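Below is one structure, written out as structure tokens, with a few remarks after it.
Source: prediction; values computed, not measured.
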Amino acid sequence: MSAAARVLVVDDSPTMRGLITAVLRSDPEVDVIGQAGDALEARAAIKALNPDVVTLDIEMPNMNGLDFLEKIMTLRPMPVIMVSTMTHRGADATLAALEIGAFDCVGKPSPGEPHPFGDLAEKVKAAARSQRQYVKPAASRTPPPAVADFRVGRKIVAIGSSTGGVEALINVLQKFPANCPPTVITQHMPPSFTRSFAERLNRLCAPVVEEATDGARLEIGKIYLAPGGERHLRVANASAPHCRLADGGPVNGHRPSVDVLFDSVAELAGRNAVGVILTGMGRDGASGLLKMRHAGARTIGQNEKTCVVYGMPRVAYELGAVEQQFPLNAIGEEILKITAARKEGSE
């Protein structure tokens, strides 16, 4: 048995520190080695205890979590899981933290929530195991010039991602021109975060990025992000493809589920689709990507070296769902190669 993941819990609320500690200590493979109430205490605790993982509150006195995260990533890079309020402002701050280099995020529970911090212990263990090189990313924050000679074909692009997906999706989608193929995405995220993430992507990328709505028609130059929460994103109607937000229980522990999206794309588009599975914990999306490949779609997986967590792509690769693996920086260009119209005419 491997050593327990050693965690430092940082939050200005004693109640919240106690709750997080209790949740983590319920897992025998996690060891909470200390607590801190602000950034100054946390800095001293990191030096003294050398934790494997830090859970970090965003809103704290003296120095907020974002500023402290910047210092951690600059001076002593390590896995950090952000703990945020489930508000629009909290979502914006958390997304900024994920871009800075945080491993993942969890939302603070509502009063009376039966299972607070759901999979926090699993995220902590994944963070402790991660081979990711923790350095502050130097990604561009402005959209690249449009690809002037890109001629879109008839394919639909479907992308699934989870832990590490914020940075990965920004990297991939910033390669897309304004006339990109219709693209649908399921990224595992708390319900209140997906709209903020869509807005952020829309600012950073050349195409239009929006949170998917029921009935939204798939159009060239648009990217649709599944809303977090109560429904799954599917695509429907081969003659006029559009988004469908479908009721249903969690699949692989997730709602929305990547498998549900990929299954629908396999049924709707067949060979006129590209499936892409990016970094993430677990196996969601692997079987759906296999269905896409069996239906004739081209399929791409992120390689192990560039994943924050090589979970979903690994399972998909082992199932035979992935036609080819690529490093993250090459995936955007590869999608464009596959989806471009042939010189003789559209695909």
Side-chain angles (χ1 to χ4, degrees), residues 4-13 16-27 29-39 41-43 45-46 49-60 64-73 76-86 90-109 115-137 161-168 187-190 192-193 197 228 253-254 279-282 307-309 311:
R6 302 168 67 254
V7 189
L8 174 68
V9 175
V10 184
D11 197 296
D12 66 319
S13 164
M16 195 58 63
R17 290 198 302 272
L19 179 57
I20 294 171
T21 297
V23 168
L24 293 177
R25 283 183 173 160
S26 68
D27 190 315
E29 296 179 354
V30 178
D31 180 15
V32 178
I33 59 172
Q35 299 182 11
D38 61 26
E41 290 181 11
R43 183 174 63 181
I46 289 171
L49 301 172
N50 191 28
D52 299 321
V53 182
V54 172
T55 70
L56 179 60
D57 184 18
I58 285 183
E59 298 177 358
M60 296 189 300
N64 69 45
L66 280 182
D67 291 341
F68 186 51
L69 179 65
E70 287 262 17
K71 291 187 177 296
I72 291 175
M73 291 302 161
R76 193 177 178 131
M78 64 190 306
V80 177
I81 296 176
M82 305 305 294
V83 180
S84 171
T85 55
M86 303 289 278
D92 286 343
T94 302
L95 291 168
L98 292 169
E99 290 182 57
I100 290 169
F103 179 84
D104 208 339
C105 65
V106 295
K108 289 188 175 180
H115 302 291
F117 297 110
D119 58 354
L120 176 58
E122 291 301 319
K123 290 184 177 183
V124 164
K125 291 186 288 186
R129 291 191 301 264
S130 175
Q131 299 301 305
R132 178 186 185 184
Q133 297 298 308
Y134 280 89
V135 295
K136 182 180 176 181
S161 53
S162 187
T163 305
V166 168
E167 286 183 72
Q187 156 72 34
H188 298 155
M189 259 186 174
S192 60
F193 288 16
F197 186 36
H254 297 284
T279 176
M281 291 169 50
C307 279
V308 172
V309 179

Taking the side chain as every heavy atom from C-beta outward, state whether [X] and [Y] have any atom pair closer than 4.5 Å.
| X | Y | result |
| --- | --- | --- |
| V83 | F117 | yes |
| L98 | M82 | no |
| I46 | I72 | yes |
| V9 | M16 | no |

Quick check for you: to the nearest 0.5 Å, what is the distance between [X] atom [atom1] and [Y] atom [atom2]?
| X | Y | atom1 | atom2 | answer |
| --- | --- | --- | --- | --- |
| T55 | D11 | OG1 | CG | 7.5 Å |
| M189 | T163 | CE | OG1 | 10.5 Å |
| H188 | H254 | NE2 | NE2 | 4.0 Å |
| D52 | S130 | CG | OG | 11.5 Å |
| I100 | L95 | CD1 | CG | 11.0 Å |
| L69 | M78 | CG | CE | 11.0 Å |

Do you know the tightest heavy-atom contact between [X] and [Y]?
| X | Y | result |
| --- | --- | --- |
| S84 | I58 | CB-CD1, 3.9 Å |
| A42 | L8 | O-CD2, 4.0 Å |
| L19 | P109 | CD2-CG, 3.9 Å |
| A128 | A5 | CB-CB, 3.7 Å |
| I81 | A127 | CD1-CB, 4.4 Å |
| M73 | P77 | O-CG, 3.3 Å |

Is it the case that the side chain of [X] and the backbone of [Y] share a donor-acceptor pair, with hydrogens and angles ignored and the cut-off at 3.5 Å?
| X | Y | result |
| --- | --- | --- |
| R6 | L49 | yes |
| S161 | Q187 | no |
| K123 | C105 | yes |
| D12 | M60 | no |
| T279 | V309 | yes |

request  = Please report the C-alpha distance between E122 and D27 in whole Å, then the side-chain angles of each, then the deciding distance to 0.1 Å, and finally whether the side-chain contact (heavy atoms from CB on, under 4.5 Å) criterion is met.
outcome  = CA-CA 9 Å; E122 291 301 319; D27 190 315; 4.1 Å; yes
K108 and D57 ion-paired at < 4.0 Å =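 Yes, charged N to carboxylate O under 4.0 Å.
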inquiry  = Between R76 and N50, is the side-chain contact (heavy atoms from CB on, under 4.5 Å) condition met? List the steps.
reply    = CA-CA 10 Å; R76 193 177 178 131; N50 191 28; 3.1 Å; yes
